[in-house]
Amino acid sequence: MKKDNIPLFFATLQAANPTPETELEYATPFELLAAVLLSAQATDVGVNKATRKLFPVANTPQAIMRLGVEGLEEYIKTIGLYRSKAKHLIETCRILVEQHGGEVPRTRAELEALPGVGRKTANVVLNVAFGEATIAVDTHIFRVSNRTGLAPGKTPLEVELKLEKRVPFEFRLHAHHWLILHGRYICVARTPKCWECAVAPYCDYKPKTPRPKSA
């Protein structure tokens, strides 16, 4: 993607959705951290269904620790990899209580030290809960960044670092959500919906998908 097109690309996404938000449901930084930890290889819809039952009963590190692994599993067993996620979340809660006074830390290093929390999860928490201009590269952002030519790279980290350089500062805070939503609903994996894409004029994807006869 040409450098001159990048501000136009994001200004178009911004005009359509000025204040994008995560589709995960949460009310506190801890609820967000728990939801993101549970969302690995799972859909936001599936996580929300589970946390709607879990959070009214236990939505603090202390409360989730009191459930224990087996008790927590009962609430999240509809989510993929729920057994390992339950163990990670319980251990994360223990560390939060013992080392952080039950609060979610605000640095990348401290977040990544928590079980089950990698760079992507840390970036989501820093961006959504604490308003930092981080970009968490998931499968959607990785695909959109490569397909459009915005920030091509072979690894999520390579794409993230390139996005940090190429996304204008005024768009950095919400870039994460704009790209995720664009990849989730328009620039989808198998057949991108180029015929209804507002940013198609700025995109390097050459074989633009024509409108299906049924659409």
Side-chain angles (χ1 to χ4, degrees), residues 6 9-10 13-14 17-44 47-48 50-51 54-55 59-62 64 79 81 84-85 88-146 150-151 153 155-184:
I6 295 176
F9 178 92
F10 281 103
L13 295 176
Q14 181 184 53
N17 188 0
T19 55
E21 297 180 350
T22 179
E23 293 184 329
L24 288 171
E25 297 172 0
Y26 74 99
T28 65
F30 174 73
E31 286 188 3
L32 176 68
L33 173 62
V36 178
L37 193 154
L38 295 174
S39 72
Q41 299 182 48
T43 65
D44 289 358
V47 172
N48 289 339
T51 57
L54 171 64
F55 288 159
N59 70 338
T60 65
Q62 295 89 338
I64 285 183
I79 302 174
L81 307 175
S84 63
K85 290 177 180 178
H88 285 154
L89 184 51
I90 290 287
E91 182 62 14
T92 284
C93 290
R94 184 188 66 77
I95 293 172
L96 291 178
V97 170
E98 293 180 359
Q99 300 182 19
H100 302 286
E103 299 295 321
V104 176
R106 300 186 63 150
T107 70
R108 182 193 302 282
E110 289 173 316
L111 285 167
E112 289 188 20
L114 300 171
V117 177
R119 186 179 182 90
K120 182 180 74 172
T121 298
N123 277 339
V124 172
V125 173
L126 290 171
N127 178 261
V128 178
F130 301 129
E132 295 192 21
T134 54
I135 301 176
V137 178
D138 69 350
T139 55
H140 297 299
I141 292 183
F142 187 80
R143 179 176 65 256
V144 170
S145 297
N146 276 283
L150 172 63
T155 67
L157 180 58
E158 186 180 350
V159 169
E160 179 189 335
L161 296 177
K162 197 168 288 187
L163 284 169
E164 288 180 352
K165 291 180 180 178
R166 301 202 81 199
V167 178
F169 182 77
E170 63 267 30
F171 300 117
R172 194 84 52 79
L173 179 62
H174 293 311
H176 165 79
H177 287 120
W178 284 322
L179 293 173
I180 281 182
L181 294 171
H182 190 64
R184 185 172 289 167

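Numbers here simply count residues along the sequence, with the first being 1. Quantities reported herein were computed from a predicted structural model and do not represent experimental measurements. Computed over heavy atoms, backbone and side chain alike; hydrogens, waters and symmetry mates excluded.
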Next item on the list: May I have the step-by-step check of salt bridge (Lys or Arg N to Asp or Glu O under 4.0 Å) for Glu23 and Arg184, ending in yes or no?
Entry: CA-CA 11 Å; Glu23 293 184 329; Arg184 185 172 289 167; 2.4 Å; yes

Next item on the list: Write down the atom of Phe55, the atom of Ala35, and the distance for their closest heavy-atom approach.
Entry: CZ-N, 4.5 Å

Next item on the list: Please indicate whether Glu103 has more than 12 foreign heavy atoms, meaning atoms of other residues, nucleotides or ligands, lying under 6.0 Å from its CD.
Entry: no

Check: Should Leu179 and Leu150 be marked as a side-chain contact (heavy atoms from CB on, under 4.5 Å) after you check the CA-CA gap, both sets of side-chain angles, and the distance that decides it?
Finding: CA-CA 10 Å; Leu179 293 173; Leu150 172 63; 3.9 Å; yes

Note to self: Between Glu31 and Asn59, does the side chain to side chain donor-acceptor pair (under 3.5 Å) criterion hold? Intermediate values first, please.
What the structure shows: CA-CA 6 Å; Glu31 286 188 3; Asn59 70 338; 3.0 Å; yes

Check: Does the pair Val137 and Lys120 meet the rule for a side-chain contact (heavy atoms from CB on, under 4.5 Å), with working shown?
Finding: CA-CA 6 Å; Val137 178; Lys120 182 180 74 172; over 6 Å; no

Next item on the list: Using the six-membered ring wherever Trp is involved, compare the ring planes of Phe171 and Trp178 and label them parallel, tilted or perpendicular (cut-offs 30° and 60°).
Entry: perpendicular

Next item on the list: Before giving the answer on side-chain contact (heavy atoms from CB on, under 4.5 Å), spell out for Leu96 and Thr92 the whole-Å C-alpha distance, their side-chain angles and the decisive distance to 0.1 Å.
Entry: CA-CA 6 Å; Leu96 291 178; Thr92 284; 4.0 Å; yes

Next item on the list: Under the salt bridge (charged side-chain N to carboxylate O under 4.0 Å, His left out) rule, collect the residues that match up with Glu91, sequence neighbours excluded.
Entry: Arg94

Next item on the list: List for me each residue that meets salt bridge (charged side-chain N to carboxylate O under 4.0 Å, His left out) alongside Glu164, sequence neighbours excluded, and say none if there are none.
Entry: none

Check: Any side-chain heavy atom of Pro115 within less than 4.5 Å of one from Ile90?
Finding: no

Check: What pair of heavy atoms forms the shortest contact from Ala50 to Ile79, and how long is it?
Finding: CB-CD1, 3.6 Å

Next item on the list: Go through the structure and list residues passing salt bridge (charged side-chain N to carboxylate O under 4.0 Å, His left out) with Glu160, not counting sequence neighbours.
Entry: Arg119

Check: Between Thr51 (side chain) and Leu54 (backbone), is there a donor-acceptor pair under 3.5 Å?
Finding: no

Item checked: Nearest heavy-atom neighbours spanning Pro105 and Phe130 -> O-CE1, 3.5 Å

Next item on the list: Write down the atom of Gly116, the atom of Thr121, and the distance for their closest heavy-atom approach.
Entry: O-OG1, 4.4 Å

Check: Is the backbone N or O of Glu25 less than 3.5 Å from a side-chain atom of Asn48, with the two atoms forming a donor-acceptor pair by type?
Finding: yes

Note to self: Minimum heavy-atom separation for Ala122 and Val117, please, with both atom names.
What the structure shows: N-CG1, 4.0 Å

Margin query: Would Val47 and Tyr26 count as a side-chain contact (heavy atoms from CB on, under 4.5 Å) here? Give the steps.
Written below: CA-CA 11 Å; Val47 172; Tyr26 74 99; over 6 Å; no

Note to self: Within this structure, what is the OG1-CG distance for the pair Thr22 and Asp44, rounded to the nearest 0.5 Å?
What the structure shows: 5.5 Å

Next item on the list: Give a yes or no answer on whether the side chain of Asn127 reaches the backbone of Glu132 with a donor-acceptor pair at less than 3.5 Å.
Entry: yes

